[in-house]
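To keep things clear, I will list the structure first and then write my remarks on it.
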Amino acid sequence: MSQSLTVAQQAAVEHFEGPLLVLAGPGSGKTRVITHRIARLIERGVPAETILALTFTNKAAREMASRVQLLMPGCRVQVSTFHRFCSRLLRIWPEDVGLKSSFSILDTTDQLRLVRQIMKDCGYDTVHLEPRRILNRMSRARNDLVTAETFRRRYEQRVGDLVDAVVCDVFPRYEQQLLSQNVVDFDALLLHVVDILTNAPERRECLDEQFRFILVDEYQDTNQAQYRILTGLSHSFPNVCATGDPDQSIYGWRGARPDNIAHFERDFDGVKIVMLDENFRSSAAIVDCADQLIAFNTRRHPRKLTTPNPQGAPVRLRRFTNGDTEADIVAAEIAHGVRENNRCYADFAVFYRVNALSRSIETALSRHGVPYQVAAGVSFYERAEIRDLIGYLRVIENPADESALTRIINRPARTIGEKTLLKIRNFSAQHCITMFAGACRCDEIPSLTSRSRRPLEAFTDLIRRLHDATAHKSVSWLIEQLLAEIDYLSLWRDHDNEIDQDRAANVHELISAARQYEQLLGEDEDGRSLQGFLELTSLTSEVDNVDQSRGAVTLMTMHAAKGLEFPVVYVLGLESGLIPHERAVRDGNPVSFEEERRLLFVAVTRAQEELHLTQTYERTFQGQRRSTIPSMFLQEMPLEYGDGIPQTPCVTAPKLDEQLQQARQRYEIAHSSHQKPAVISGADLLKQHEAVSPATDQSSLFPVGSTVRHPQYGRGTVVSATGGTGRATVTVHFESQNLEQTFVASHCPLQPVG
DNA sequence: CCGACTACTGTTTTT
DNA sequence: CAGTAGTCGG
């Protein structure tokens, strides 16, 4: 930290006004550059309030904020994630986009619930056509700033498949529902701000002027919406400093546009570019590995990573019989490292491609008495009991929030069942009021018996009372009052089983989280404390609670690892199907395939001193044991092969097409040998009827990659095919029509060719 | 209207 | 395997 800046770093720090693009390789001191740059700007007399630093994760924001504080104690630079920044803006001008400032933020589960509801309303079969698929497509479109109307227009120009037809129906209704329920999802948070910036020039100018200097971290991860926000804020004062690394772009699947980096040069005049290629983080052996690996990506500016660091220990690959052995040995090694080699637990990190792999390591680590922290996808706030209580808080703050309302209206059970809910929904729709308002007027719903009215009245009364209390009561008071009123804890208190104790403990953890939040808030703000607390809970994930100073081994996915560094890193499960992930290979898209390589690149470059790669001969997955095939990326790195693994010579970069084909073949082999033949009964097929299902396994009728003929569309290639009971479909891509169509095998007009 | 049981399905990655 | 959605009987 105390070392001086390099010439290149200096250049980025000293650059004053005008757009600046910092292309920073891993470990090249990017965060240092940003924080020093902020400090330098302030030194130059730029008021701290006019500086805005935007990041993607809370973790990065917090890290940056604390480092700025270290350099410039007490300064009020705004460091925030894109989402939080947008949320704050929308709290100020909610009516610009048709919201009220009490809007709540939906998580993925809420989104799915809403999509499912809408699909049902439209008469779609949500069993065979998964709401998740619809949501994914819609979200992808919205990330790309495609509106519902544009989506429909494109579809009508015959681009798209059956699923898109459903999206056309759901999309506008979904957005309309968001507004009428006074809620936003993660995408809408950004989109509304884009809307303000494009349609309200006076607001845009005001913000542009307020934030004269903007710094964006991980620029390669910006999606179209974020990009527009950025440009919108930097029109009159184009003092944008974007830092990023195209080789670390790993969020393409959620709409990130790494080519925003190229656009940056196009959209801003006189961009100054600074390249930081020197890696100060890792040993030469590790940098070598990373450099050779990433060189295999074809769509990339060639770049050579260098380091002044010593060679260090070779990067070693080992292979174990199965996942449990793998986990056990890694755990034992970590324990040993701490006991004998003067390491501390926090020096170690274990990465994996999918969260599912964390479990075996967790058990192994606790068996060896090693403390660990997991940055898992399932957050504290997603646990049922927590979601219940948060649901209550959300309804109290924003009674229009239907996802929250339907979750909690009958929890704990108060005999408000599906039928009652449906009657309220219909009544509310008729009178154009929210469901909560409808519930309040349940005496006007003739079909409701007094037996179902009574609990409804009690419920609405409870919510109203607590809502009124928010004006002068704290969040923790609210939660405790709520617990008392609905006697919530008794749901879990009865037995002395572990799960119930966990749940009760979680509830108390929520209360203490609320207390902590209140303390942080201080005495000055009283009224909106509930709103702030809810915002915190919806925009914070478990990953953000990972704390490297906690004296524990860190377990996380490769995605979550970005931006971090550890002296010793283990990367698990270097197997075909896992990395590159089966799904990234299956869709045959070179873009997603190369993203897998970048992901491994990110993982590898987290290590400072030691990097250990492991794989197994057998992997138990979804209850099935399968033998594995080594990841093809392994032969792209100079490794030391341990324990009798046949040495595969390091290859030189072949053409991308060949690599892809290789990967696909391997994947097919790996699975076909263990595939049980698809047995499809006639009854199952009838059940299907015109349903569209996601691809899961291969059907023996139409192997993936084979050519088929369709009477109408002509020749096509099978993209995916499902067997399995209850669903049997084939998805075919017709190159000449630019069309992807899914067929139900029972009445499938397809003919195999050749 | 509620709870219990059974089928089924699938997770890449996250704000 | 494990979590969930959907079904059935009281």
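Reminder, nothing fancy here: chain letters follow the sequence lines and each chain counts from 1.
- Checking A:Leu599 against A:Lys423, the closest nucleotide of DNA chain B that is more toward the 5' end is the one next to A:Lys423.
- When the P atom of B:dT9 is taken as reference, atom CD of A:Gln624 falls 14 Å away, rounded to whole Å.
- Across the protein-nucleic acid pair, A:Phe56 atom CZ and B:dT15 atom C1' stand 9 Å apart, rounded to whole Å.
- Screening A:Arg254, A:Arg142, A:Arg140 for a salt bridge (charged side-chain N to carboxylate O under 4.0 Å, His left out) with A:Asp187, the sole residue that qualifies is A:Arg142.
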I'd like a list of close polar pairs between nucleotides 2-4 of chain B and the protein, N/O only, cut-off under 3.5 Å.
| residue | atom | partner | partner atom | Å |
| --- | --- | --- | --- | --- |
| B:dC2 | OP1 | A:Thr415 | N | 2.9 |
| B:dC2 | OP1 | A:Ile416 | N | 3.2 |

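- The separation between A:Leu112 atom CG and C:dA5 atom C1' is 13 Å, rounded to whole Å.
- Enclosure of atom CZ in A:Arg359 is not indicated, since only 12 or fewer non-hydrogen atoms of other residues, nucleotides or ligands lie within 6.0 angstrom.
- Residue A:Asn355 places at least one side-chain N or O under 4.0 Å from the OP1 or OP2 atom of B:dT14.
- One atom, CE of A:Met558, and another, P of B:dT14, lie 12 Å apart when rounded to the nearest Å.
- Closest to the side chain of A:Arg254, out of B:dT11, B:dC1, B:dT14, is B:dT14.
- A donor atom on one side chain and an acceptor atom on the other are found under 3.5 Å apart for A:Gln78 and A:Arg88.
- Which of B:dT13, B:dT9, B:dT15 sits closest to the side chain of A:Thr57 comes down to B:dT15.
- The CZ-P distance, from A:Arg583 to B:dG10, rounds to 9 Å in whole Å.
- Atom CG of A:Leu578 and atom CZ of A:Phe621 lie 6.5 Å apart (nearest 0.5 Å).
- At the heavy-atom level, A:Arg359 lies under 4.0 Å from the strands shown only through sugar-phosphate atoms.
- Place A:Thr557 and A:Phe621 on DNA chain B by their nearest nucleotides, and A:Phe621 ends up nearer the 5' end.
- Note: CG (A:Leu135) to P (B:dT15) measures 16 Å, nearest angstrom.
- Taking the centre and axis of the six-membered ring of A:Phe103, the NZ or CZ atom of A:Arg91 falls inside the cone set by 45° and 6.0 Å.
- Nucleic acid contact class of A:Thr420 (heavy atoms, under 4.0 Å, all strands): sugar-phosphate only.
- Using a 4.0 Å heavy-atom cutoff across all strands shown, A:Phe186 reaches at least one base atom of the nucleic acid.
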**Study point:** CA sep, side-chain torsions, deciding dist, call: A:Arg626, A:Glu618, salt bridge (Lys or Arg N to Asp or Glu O under 4.0 Å)
**Key:** CA-CA 5 Å; A:Arg626 289 171 166 169; A:Glu618 258 181 10; over 6 Å; no
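- Taking the charged nitrogens against the carboxylate oxygens, A:Asp110 and A:Arg387 do have a contact shorter than 4.0 Å, which makes a salt bridge.
- Taking atom CZ of A:Phe82 as the reference point, atom C1' of B:dT14 lies 15 Å away to the nearest angstrom.
- Both geometric conditions, a ring-centre gap below 5.5 Å and a plane tilt below 30°, are fulfilled for A:Trp253 over the base of B:dT13.
- Between the side chains of A:Glu402 and A:Thr406, no donor-acceptor pair is found at a separation under 3.5 Å.
- Taking atom C1' in both C:dT4 and B:dT13, one finds a spacing of 22 Å when rounded to whole Å.
- Taking atom OH of A:Tyr227 as the reference point, atom C1' of B:dT15 lies 21 Å away to the nearest angstrom.
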